[in-house]
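A short worksheet on the structure shown next.
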Amino acid sequence: MTTQNRRMFSTTDLMLMAVIAVVGSLLAVFVFNPLILVPFPVFLFLGPISWVGLSGLFLITPVLIGLLIQRPGVATVYGLVQGLLEMLFGNPSGPLSILYAGLEGLGVDLSLALFRWRANLPGALLAGAVGNLIVIVVYIPVFGLASAANFIVGGIVAVISGALLGGLPAWLIAQALHRTGVTAGLGRKPYEEIK
Amino acid sequence: MTRLTYLPGDSFFHRMDPTVKLAWNFLAAALVASHLDPLYGALWFGYAFGLAVCLARLPLRRYLRLVAVFAAFGLSLGLWQAVYNPGGSPALWAWGPVHVTLKGLSTGVAILFRVLALTSLAAVFTLTTEPARLMESLIQVARLPYRLAYTVYAGLRFMPLFQDEAQIISNAHQVRGVSDADTGLFARLRLNASLVVPLLVSGIRRARAAAIAMDSRAFGAYDRRTVLHPQRLRRRDLAFLLGHVVLAAALFYYFVILGQGRLFIG
């Protein structure tokens with residue numbers, strides 16, 4: 001174990017990433033991907049980018065891992081792992097899913113850095129919002145939908161969706177896990193419980 | 001349901017080094033996304049289709065079923081785009097506030113072909129790449145830290161365990177009176193959502209146990225590991241990648257330097 005001390009992540013961190021990544025990949029490929037294609041009437045005003053409305057769901061697990069492990073870079077590394085697993089589980093984006101998941105993680109990391117990786121609700125909401133915004137800004141031109149209107153409206157919806165459908169559920173799941181006692185010893189700082 | 005997962009075979013793409021294949025796939029996807037035009041998109045879709053059938057030797061029926069699934073997504077994007085962004089050209093058809101123009105239709109068709117081309121490229125990669133070999137190649141060829149690659153391996157190993165665990169938790173819920181008789185979408189979603197926290201709790205416990213077992217066997221003690229299956233880059237793989245690099249440079253010069261590209265709809 002001579003090199004253990006200079007490593008960013010312990011083996012427990014890596015195995016935790018693997019576990020959450022399996023859940024995240026299965027949800028992304030078999031639940032969220034088909035779900036966002038359903039033209040929900042509430043998002044019809046978005047036209048060709050109506051799928052942005054539910055896109056925040058993809059941010060649940062990257063934010064969750066950030067809240068659990070609380071170390072710099074954890075969400076980005078997690079994103080790469082989840083992207084690889086998503087690709088192998090059959091994400092139609094193929095290798096591009098590594099890029100998208102990595103970008104989601106990068107957005108989460110940048111946001112959590114502002115809160116010094118402390119697990120709190122504002123940090124979780126911001127992480128969901130920024131992570132979703134970054135990936136949507138990349139997604140829109142890849143699908144050939146780049147226009148000023150799509151970027152502005154899509155960006156606003158991505159921020160709201162990321163915060164409410166990604167950050168908030170991640171925070172609630174982290175709280176539920178914390179109450180079971182299973183997160184003891186994970187992360188660096190105590191959780192700020194919802195009063 | 002048609003699954004987009006590895007299909008064993010012995011084609012050119014099956015034998016290609018996965019890291020080279022990954023680099024090719026990113027490059028090809030960037031090229032597809034570099035210009036929005038129906039003919040350009042159709043040419044890339046035709047190219048990807050040709051690769052899938054001739055060089056990857058994918059079963060045609062399975063490939064077409066996969067493409068059909070994603071064609072529906074591409075078609076919906078294209079139709080929406082045609083209606084929402086009709087452009088300035090005269091309307092071919094109008095109904096109330098809805099105007100369909102030649103420019104809007106052209107953009108819609110271009111988006112449809114772009115989605116089909118990207119999906120076909122993804123199918124060629126995923127259906128011809130064995131997960132274990134991909135990880136071996138990423139460690140040996142792309143120099144990915146092996147601890148990270150093993151995290152993906154661990155994820156693949158955890159998946160069947162999760163399925164068993166989900167069944168056990170579901171059975172426990174039924175014993176306590178939670179029924180899965182209601183087959184409605186929202187009832188199903190509610191039922192599955194109730195699995196998330198118990199599943200994660202058991203997963204985290206399993207992750208800790210796996211980490212202790214791995215650490216006790218000195219996992220990560222050395223920066224490099226010996227390998228059972230050495231991965232080597234073949235000349236024909238590199239030549240295939242190099243051909244696409246040259247094509248990318250030519251298209252970048254034409255579309256970006258000479259300004260002939262149409263990335264944005266405006």
Side-chain angles (χ1 to χ4, degrees), chain A residues 1-4 7 9-23 25-26 29 31 37 39 47-51 64 68 77 80-82 84-85 87-99 141-150 173 176-177 180 182-183 185-186, chain B residues 3-6 22 25-26 29 33 36 70 73 76-77 80-81 83-85 107 110-111 114-115 118-119 121-123 125-126 131 134 147-148 150-152 154-156 158-159 162 192 196-197 199-201 203-208 210-211 214-215 218-223 263-266:
Chain A
M1 306 287 174
T2 51
T3 56
Q4 196 71 29
R7 292 211 162 106
F9 305 113
S10 66
T11 310
T12 306
D13 293 340
L14 293 176
M15 288 303 102
L16 191 63
M17 283 186 211
V19 164
I20 308 278
V22 173
V23 177
S25 309
L26 292 175
V29 175
V31 182
L37 300 185
I49 54 165
S50 60
W51 46 273
L64 179 63
L68 291 179
V77 172
L80 298 175
V81 171
Q82 183 179 322
L84 275 163
L85 282 173
M87 178 182 77
L88 297 174
F89 289 166
N91 190 320
S93 297
L96 289 179
S97 56
I98 305 171
L99 178 72
V142 166
F143 281 136
L145 302 169
S147 68
N150 281 350
I173 293 170
L177 291 174
T180 66
V182 78
T183 57
L186 294 176
Chain B
R3 294 280 305 274
L4 186 58
T5 47
Y6 174 60
L22 194 63
N25 209 280
F26 277 122
L36 190 67
F70 302 115
F73 173 59
S76 74
L77 276 186
W80 273 116
Q81 188 62 29
V83 171
Y84 265 71
N85 290 296
T107 305
I111 289 171
R114 179 178 284 195
V115 170
L118 289 173
T119 308
L121 290 171
F125 181 88
T126 311
L134 170 65
R147 296 174 84 237
L148 198 58
Y150 271 75
T151 307
V152 181
L156 292 170
F158 280 136
M159 200 183 91
F162 262 102
N192 287 330
V196 170
V197 172
L199 206 53
L200 284 174
V201 168
I204 291 171
R205 288 196 181 121
R206 204 179 282 276
R208 284 177 187 271
M214 290 164 77
D215 280 341
F219 174 73
Y222 302 100
D223 288 333
L263 265 174
F264 299 96
I265 293 161

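So that the names make sense, note that chain A is the first sequence line, chain B the second, and so on, each numbered from 1.
- For a residue to count as touching a neighbouring chain, one of its non-hydrogen atoms must lie under 4.5 Å from one of that chain's; by this rule V81(A) touches chain B with backbone and side chain alike.
- Contacts of L80(A) classified as side-chain contact (heavy atoms from CB on, under 4.5 Å), with partners at least two apart in sequence or in another chain: I98(A).
- Under the 4.5 Å side-chain criterion, counting only non-hydrogen atoms from C-beta, V196(B) is in contact with I173(A).
- Looking at every heavy atom in both residues, P95(A) comes nearest to F26(B) through O-CZ, 3.3 Å.
- Residues N25(B) and L96(A) have side chains not in contact (no heavy-atom distance under 4.5 Å, counting atoms from C-beta outward).
- What you find for G155(B) and A18(A) is that their closest heavy atoms are N-CB, 3.9 Å.
- A side chain to side chain contact (heavy atoms under 4.5 Å, CB included) with T151(B) is found for one member of L14(A), L84(A), L85(A) and no other, namely L14(A).
- Neither the backbone nor the side chain of Y6(B) comes within contact range of chain A; no heavy atoms are under 4.5 Å apart.
- Counting only distance, with no hydrogens or angles, the side chain of R147(B) and the backbone of F9(A) share a donor-acceptor pair below 3.5 Å.
- When the side-chain contact (heavy atoms from CB on, under 4.5 Å) test is applied to V182(A), the partners found at least two apart in sequence or on another chain are L177(A), T180(A), V201(B), I204(B), R205(B).
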Do L88(A) and T126(B) pass the side-chain contact (heavy atoms from CB on, under 4.5 Å) test, and can you show the C-alpha distance, the side-chain angles, and the key distance before you say yes or no? CA-CA 7 Å; L88(A) 297 174; T126(B) 311; 5.7 Å; no
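- Between F89(A) and T5(B), every side-chain heavy-atom pair lies at or beyond the 4.5 Å cut-off.
- A side-chain donor-acceptor contact under 3.5 Å links R114(B) to the backbone of V142(A).
- For V115(B), the part lying near chain A is the side chain, with the backbone staying farther off; criterion is any non-hydrogen pair under 4.5 Å.
- Side chains of R208(B) and M15(A) form no contact here, defined as non-hydrogen atoms less than 4.5 Å apart.
- Ranked by non-hydrogen atom pairs under 4.5 Å with chain A, the options T119(B), L199(B), L156(B) are led by L156(B).
- Contact of V22(A) with chain B is made through the side chain alone, with heavy-atom distances under 4.5 Å.
- Nearest heavy atoms, P92(A) versus A122(B): O-CB, 3.3 Å.
- For S93(A), the part lying near chain B is the backbone, with the side chain staying farther off; criterion is any non-hydrogen pair under 4.5 Å.
- In this structure, L134(B) and M87(A) have side chains that are in contact, with non-hydrogen atoms separated by less than 4.5 Å.
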